[in-house]
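Heads up: the structure comes next, in structure tokens.
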Amino acid sequence: MKKAVLRSPGVLEIEQTDVPACPEGGLVVKVQACAICGTDVESFLHGQRMAQLPPQLGHELSGIVSSVEEGVGLFREGDRVVLNQSVPCGECPDCQRGRENLCDRTLRIGGGFADYIAIPAVAVQKGNILPMPAGLSFRAATLTEALAAVVNGQDLLDIRLGDTVLVIGAGAVGCLHGQLAKAQGASRVILADINPARMKNAEMLSGADLLLDSSSENLSARVKEETNGLGAEKVIVACSSGAVQEEALQMVAKRGRVSYFGYAFKEWPWIKFDSNACHYREFFVTGAFAYSRRQFQLALDLIARGTVRVDPLITHVFPLERLVEALQTMKRGTGLKVLVEF
Ligand SMILES: [Zn+2]
Ligand SMILES: [Zn+2]
């Protein structure tokens, strides 16, 4: 079988290797599709330098069970499955308090840019291999992780009927945020981006009511104007920009919530924060990291039922041999979601 191996930053080779043996109590999945995650691009360019990143490239995958250990009653050969790569420890204080997405001892499973991947018993036992609902395509199933993280972000935001939700960043994640906010009852979604090319199809893909091109418009002024001077109840920063994180604080309504969904650049994560604005206007600021197993299952169901439409977000599909090109396409940001299909 073929497998992509990262030799060093920027040096990736497609290797010929043996199909993995079935782990005791686990199974082997024949990969059908594997989406490129932002973390794959990060690891490809700089090497695997953060504990929060999966150890090998490729984890947003769907496939078919090709061999299964006897006694693993849950699955049979031929089952269509999707992987949830984050296996929480289940024992630490975070896990015990119901926030397993923050577990520092999370086991992460990677190596999905390969014809086959071995899944250890612990992942099967903890529900990290999910049966794919009938009718769902392998392609669409690879978007489950991205949507699961969006579900977690919005769980922390508590979107209510009637809210105006401002999403900054019209990438795949921003579009998922727009669609989900609508499904949660937001009466208005405003989507902003600095890249007019990305905005072209964003209305259709995000369900947004209003698109703002922040390369040519003053975003804060426009958001105030659109909300009678009040600001948006919920503001989601779905990009990696400290300047935008700062600006978000000026656009949130009193008692509103701001989600720093995108991480800031590691080299300079500091921003200016007007604590008086926070004091007088009583707004909340929260981060958003990863997702729980419940949120992953929920995301899979939302995609399968068509509540959130992911197919139009898949703009590029490459074969494994062209993985480097796929990673570069993702890095350039010209497309939305980039997939490797087997
Ligand atoms: Zn991912
Ligand atoms: Zn834990």
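In this text, all values refer to a predicted model and were calculated from it rather than measured experimentally. Just so you know, these numbers use all the heavy atoms, side chains as well, and skip hydrogens, waters and symmetry mates. Each ligand, and each atom within it, is numbered from 1 in the order the structure gives.
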Here the Zn ion (ligand 1) sees protein N, O or S atoms within less than 2.8 Å, and their number is 4
Heavy-atom closest pair (I36 atom, K337 atom, distance to 0.1 Å) is O-NZ, 3.3 Å
Output yes when K3 and E13 qualify as a salt bridge under the 4.0 Å nitrogen-oxygen rule, no when they do not. no
Here the vertex angle at the Zn ion (ligand 2) for SG of C95 and SG of C92, given to 10°, is 110°
Would Q85 and E145 satisfy side chain to side chain donor-acceptor pair (under 3.5 Å), going step by step from the backbone distance to the final call? CA-CA 9 Å; Q85 59 122 359; E145 178 184 87; 3.1 Å; yes
Side chain to side chain donor-acceptor pair (under 3.5 Å) between S66 and Y116, worked out: CA-CA 8 Å; S66 66; Y116 294 86; 5.5 Å; no
For F138, is the NZ or CZ atom of R80 found under 6.0 angstrom from the centre of its six-membered ring and inside 45 degrees of the ring axis? yes
Can you find a heavy atom in the side chain of P9 that is under 4.5 Å from one in the side chain of H46? no
